[in-house]
Amino acid sequence: MKKTGISVILFLFTAGVMAQDTANDTLHNVSVNKDPRLNALVKKNREVNEDVYLKTLRNIQGFRLQVINTNDRNTALSVKTRMLSDFPEEKTYFIYHSPYFKIQMGNFRTREDAEQLMQQVKKIYPSGVFIVPAKIEIKPSKDGELILDVISDKP
């Protein structure tokens, strides 16, 4: 009898207790209070991720000028030296594909841009200068300005 009485009292006591009061919460909304520093942290994380992405995206398909293709290393080095002195703003590449040494210059996204420089280079080397397709280096600006529609995976 004692066990039955205690069971009835516990049942009546717990029947009035509810985990949620649905009578007062008619909208069923949840409110979240977050620290305002969380937005600053998310913004900083996004900036870091964008910087890492821009630093890893460095090569796209473009064009370069091939100034000389020779099997004489000294000739290739002298041509490179002259190109560096005559066109200091353009990057010059010394490439070795056995048995030839190649001097290429510039990083151009379009063939038209390469043709403009080719006219100037042909004044120094009238023969043997031509445009070649190549993986070119790009340097995105600090603002992240990068024309992504120019980038393609096609060789």
Side-chain angles (χ1 to χ4, degrees), residues 14 17-155:
T14 57
V17 177
M18 299 180 109
Q20 297 175 351
D21 187 10
T22 57
N24 293 336
D25 189 17
T26 59
L27 299 177
H28 303 290
N29 289 332
V30 176
S31 62
V32 177
N33 298 324
K34 68 177 181 176
D35 192 344
R37 295 178 294 175
L38 188 61
N39 287 339
L41 183 62
V42 169
K43 183 179 176 184
K44 181 68 175 172
N45 189 19
R46 181 179 178 164
E47 290 171 359
V48 168
N49 286 341
E50 287 174 353
D51 287 344
V52 168
Y53 173 73
L54 292 176
K55 287 178 183 175
T56 58
L57 183 63
R58 295 186 181 202
N59 297 319
I60 63 170
Q61 190 65 31
F63 300 94
R64 287 191 182 144
L65 287 182
Q66 184 161 314
V67 180
I68 192 169
N69 184 20
T70 182
N71 58 1
D72 184 14
R73 185 173 196 269
N74 293 329
T75 303
L77 285 174
S78 66
V79 169
K80 180 177 180 178
T81 303
R82 179 144 188 215
M83 290 294 106
L84 286 172
S85 64
D86 291 344
F87 302 99
E89 67 279 355
E90 294 296 333
K91 191 147 184 178
T92 306
Y93 300 91
F94 184 87
I95 302 169
Y96 177 68
H97 286 180
S98 181
Y100 296 106
F101 297 94
K102 300 176 183 181
I103 302 299
Q104 295 180 354
M105 62 185 303
N107 289 310
F108 305 103
R109 288 188 179 184
T110 63
R111 182 176 281 276
E112 291 79 24
D113 294 338
E115 287 173 355
Q116 292 175 2
L117 182 64
M118 187 170 74
Q119 299 307 320
Q120 297 172 7
V121 174
K122 278 193 171 186
K123 292 176 184 175
I124 300 170
Y125 293 97
S127 63
V129 179
F130 54 93
I131 299 170
V132 294
K135 289 275 188 184
I136 63 169
E137 297 176 4
I138 58 170
K139 293 181 181 175
S141 68
K142 185 70 174 169
D143 300 333
E145 293 178 17
L146 182 64
I147 302 171
L148 294 176
D149 58 349
V150 175
I151 300 172
S152 67
D153 294 330
K154 298 176 184 175

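Nothing here was measured: the structure is a model prediction, and the numbers come from that model. The residues of the chain are indexed from 1 along the displayed sequence.
Closest heavy-atom contact between Lys122 and Val129: CE-O, 3.7 Å. Closest non-hydrogen pair, Asp72 versus Phe101, comes out as C-CD1, 4.0 Å. Nearest approach of Ile68 to Thr75, heavy atoms of both residues: CD1-CG2, 3.9 Å. Residues Gln61 and Pro133 share a closest heavy-atom pair of NE2-CB, 3.8 Å.
We find the CD-OG1 distance between Gln116 and Thr110 to be 8.0 Å, quoted to the nearest 0.5 Å. Rounded to the nearest 0.5 angstrom, Asp113 CG and Met118 CE are separated by 12.5 Å. The NZ atom of Lys102 lies 12.5 Å from the CG atom of Asn71; values are rounded to the nearest 0.5 Å. Annotation: the span from Glu115 atom CD to Ile131 atom CD1 amounts to 4.5 Å, rounded to 0.5 Å.
Here the side chains of Val121 and Phe87 are in contact, with some heavy-atom distance below 4.5 Å. The shortest distance between side-chain heavy atoms of Asp86 and Gln120 does not fall below 4.5 Å. Residues Tyr125 and Met83 form a side-chain contact, since some pair of their non-hydrogen atoms from C-beta on lies under 4.5 Å apart. Asn107 has its side chain within reach of Tyr93: a pair of non-hydrogen atoms, C-beta onward, lies under 4.5 Å apart. A heavy-atom distance below 4.5 Å is not found between the side chains of Leu41 and Asn45. Taking the side chain as every heavy atom from C-beta outward, Glu47 and Lys43 approach each other to under 4.5 Å.
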Test log, rule side chain to side chain contact (heavy atoms under 4.5 Å, CB included), inputs Lys34 and Asn39: CA-CA 9 Å; Lys34 68 177 181 176; Asn39 287 339; 3.1 Å; yes
Start with the C-alpha distance between Phe63 and Glu112, add both sets of side-chain angles, then the distance that settles side chain to side chain contact (heavy atoms under 4.5 Å, CB included), and finish with yes or no. CA-CA 10 Å; Phe63 300 94; Glu112 291 79 24; over 6 Å; no
Derivation and outcome, side chain to side chain contact (heavy atoms under 4.5 Å, CB included), residues Leu117 and Met105: CA-CA 10 Å; Leu117 182 64; Met105 62 185 303; 4.1 Å; yes
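Using a distance-only test at 3.5 Å, with no hydrogens or angles considered, a donor-acceptor pair links the side chain of Arg64 to the main chain of Lys135.
In summary, Glu50 and Arg46 engage in a salt bridge, as defined by a charged side-chain N under 4.0 Å from a carboxylate O.
More than 12 heavy atoms of other residues, nucleotides or ligands shown are found within 6.0 angstrom of CZ on Phe94.
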